[in-house]
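These numbers were taken from a predicted model, which means no experiment stands behind them.
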Amino acid sequence: MRRIGINRSRTIRRLAVAAILILPGVAAHAQGEAEGLSARIRKATARVGPAVVSIRPLGVVPQVGVAPPIVIAPFVRIGGGPIPTGRVERMPAGSGVILDARRGLVATSGNVLRGSRQAEVVLPDGSIRPALRINPVDPDTDLVLIEFDPNGLELVQAEWAESRALQLGDRVVAVGRSEKGKMLASTGIVSASIDPSEAGTELEPIQTDALVTAETAGGPLVNLEGQVVGISQARGDFVVGGDSRDGFRLAIPETLVRRIAGGFLGDSRSQHGYLGVTLEPGRRLKGVVVASVSADSPAEEAGLAPGDRILSIDGRVVREAQALSRAVEMAAIGQEMTLVVERNGKKFEARFHPRPRPDALGPSTHLPPLRSADPREEAAPEAIPAPPEPDQPKSNLPPALPEGDLKPL
């Protein structure tokens with residue numbers, strides 16, 4: 001048998017030459033990708049920048065002065081020491097984003113204000129406007145809307161994109177503005193996915209590993225197109241204590257911000273959908289149980305009764321009371337919604353139309369659509385369907401189904 005010899009030194013030389021030829025190409029490609037990402041981040045921040053503001057909370061900050069001692073003899077000192085005082089000062093600033101340029105409406109994170117009921121809005125051009133009103137419209141979400149006088153200003157409002165379209169690994173940028181007017185940004189990825197088949201998940205906070213500092217908290221979280229997908233929340237340890245989430249940060253999702261602000265009444269209230277049930281607490285694999293039904297409510301008209309198990313809403317699985325509550329509260333007033341309900345082992349459909357929650361009646365104001373808009377254009381806002389008048393016929397609502405005649409699915 002013939003033995004084939006291998007010249008190892010020649011082979012090694014050839015591999016080395018090949019590596020020398022290939023590596024520069026790989027390095028150039030990687031550098032090109034990095035430069036491309038940097039360019040997109042710069043473009044995104046430039047696009048949203050004109051709508052990003054700094055929020056300066058004002059409040060009484062404890063100050064400690066030092067009284068000079070009285071010297072009456074060599075080496076003898078009387079008095080001196082700290083003197084507690086208090087005065088209104090600017091506290092550390094956070095960020096916000098302009099939702100409605102015509103109204104002078106800004107969204108931010110509640111913790112940015114550190115409990116203060118006074119604040120200043122520092123605009124991109126450096127001008128400062130006092131907050132006319134600070135509205136903690138939804139304490140559960142940490143969302144705050146601030147109103148200021150926009151008269152005489154050339155303002156730009158943010159462009160929005162649907163947060164429900166975000167997927168695990170998507171690149172996002174946390175943007176803010178310093179108290180001195182500098183743009184600040186940090187990039188990261190969406191670090192947790194949502195299950196679109198489960199009710200209420202699109203209203204859960206966005207989780208990201210983008211760095212959020214005390215200055216950028218309350219500012220917009222944007223995609224690489226510069227469109228706002230959420231409002232960065234302030235960390236707990238910016239105020240007091242610590243934060244158990246370590247490197248991950250949360251943002252209020254666009255779906256929740258726009259729905260709450262879209263029904264904003266201007267006096268700390270917003271229009272929320274109302275079903276009229278109380279639910280037994282706890283998370284289940286199969287639906288939530290109705291504990292009671294309010295009289296003359298959409299739930300009563302839809303035929304719901306205590307003990308019913310609600311399995312889904314508009315085709316989406318319901319696993320906990322909060323998920324159903326979110327889905328109903330954020331639905332458009334008057335929109336028909338369908339529940340799948342189980343009673344005595346049988347299933348049926350119950351349709352209802354959310355009404356305004358009894359504690360939030362009144363006309364609503366509206367956010368601009370999911371695109372940029374010139375605040376100087378007087379375009380009519382898209383109307384949210386109004387709730388039906390009390391004297392309107394209710395024939396479009398399904399009658400209550402007796403237990404002996406449940407409609408199977």
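A distance of 11.5 Å separates OG in S312 from CD in E342, rounded to the nearest 0.5 Å. Atoms CD1 and OG, on I231 and S163 in that order, are 10.5 Å from each other to the nearest 0.5 Å. The line from CD1 of I189 to CD of Q167 is 12.5 Å long, rounded to the nearest 0.5 Å. Interatomic distance, CG of D308 versus NZ of K347, reported as 13.5 Å (0.5 Å rounding). Expressed to the nearest 0.5 Å, how far CG of L275 lies from CD of E301 amounts to 10.5 Å. Summarising the geometry, atom CZ belonging to R103 is positioned 13.5 Å from atom CG belonging to L155; distances are rounded to the nearest 0.5 Å.
Nearest heavy-atom pair across A192 and L168 is N-CD1, 3.6 Å. The minimum heavy-atom distance between S297 and G276, with the atom names listed, is OG-O, 3.7 Å. Nearest heavy-atom pair, A161 versus Q227, reported as atom, atom and distance to 0.1 Å: CB-OE1, 3.5 Å. Closest of all the heavy-atom pairs between E179 and S54 is CA-OG, 3.6 Å. Here the shortest heavy-atom pairing between D100 and R102 reads OD1-N, 3.1 Å. Shown here for L324 and V288, the closest heavy-atom pair between the two residues is CD2-CG2, 4.0 Å.
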Review point. Between R40 and E225, does a salt bridge (charged side-chain N to carboxylate O under 4.0 Å, His left out) hold up when you go through it step by step?
Key: CA-CA 8 Å; R40 294 188 67 184; E225 302 302 318; 3.1 Å; yes
Check your understanding: Given the rule in the side-chain contact (heavy atoms from CB on, under 4.5 Å) test, do D170 and N223 qualify, once you have shown the distances and angles that lead to the verdict?
Key -> CA-CA 8 Å; D170 283 353; N223 59 22; over 6 Å; no
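L153 is listed as a side-chain neighbour of F148, based on a closest heavy-atom distance under 4.5 Å. The shortest distance between side-chain heavy atoms of I310 and V290 falls below 4.5 Å. Residues P220 and V52 have side chains in contact (heavy-atom distance under 4.5 Å, counting atoms from C-beta outward). Using a 4.5 Å heavy-atom cutoff, the side chains of L304 and F352 are not in contact. In this structure the side chain of V122 never reaches within 4.5 angstrom of the side chain of R177, judged on heavy atoms. Proximity of K346 to N344: side-chain heavy atoms (C-beta onward) are nowhere separated by under 4.5 Å. Using a 4.5 Å heavy-atom threshold, the side chains of Q335 and D314 count as touching. In this structure the side chain of Q233 never reaches within 4.5 angstrom of the side chain of R249, judged on heavy atoms.
At distances below 3.5 Å, not a single donor-acceptor pair connects side-chain atoms of T45 with backbone N or O atoms of G226. Checked by atom type and distance alone, the side chain of R117 pairs as donor or acceptor with a backbone atom of I134 at under 3.5 Å. With hydrogens and angles ignored, the 3.5 Å screen pairs no side-chain donor or acceptor of S186 with any backbone N or O of A210. Looking only at distances, no side-chain donor or acceptor of R171 sits under 3.5 Å from a matching main-chain atom of I41. Of the possible donor and acceptor atoms, one in the side chain of S95 sits under 3.5 Å from a partner among the backbone N and O of E215. With hydrogens and angles ignored, the 3.5 Å screen pairs no side-chain donor or acceptor of R319 with any backbone N or O of E198. Checking side-chain atoms of R56 against main-chain N and O of A119 turns up no donor-acceptor pair under 3.5 Å. E120 contributes no side-chain N or O that, together with a main-chain N or O of I128, makes up a donor-acceptor pair within less than 3.5 Å. Checked by atom type and distance alone, the side chain of S294 never pairs as donor or acceptor with a backbone atom of V277 at under 3.5 Å. Without hydrogens or angle criteria, E147 side chain to L132 main chain gives no donor-acceptor distance under 3.5 Å.
Remark: R129 engages no residue in a salt bridge (charged side-chain N to carboxylate O under 4.0 Å, His left out) (not counting sequence neighbours). Not counting sequence neighbours, the partners of A251 by the side chain to side chain contact (heavy atoms under 4.5 Å, CB included) test are I206, L221. Every residue meeting the side chain to side chain contact (heavy atoms under 4.5 Å, CB included) condition with T108, not counting sequence neighbours, appears here in chain and number order: I55, V112, V144, I146.
Using modelled atom types and a 3.5 Å distance limit, the side chains of S292 and T278 yield a donor-acceptor pair. In summary, the side chains of S127 and D125 do present a donor paired with an acceptor at a separation below 3.5 Å, with no hydrogens or angles considered.
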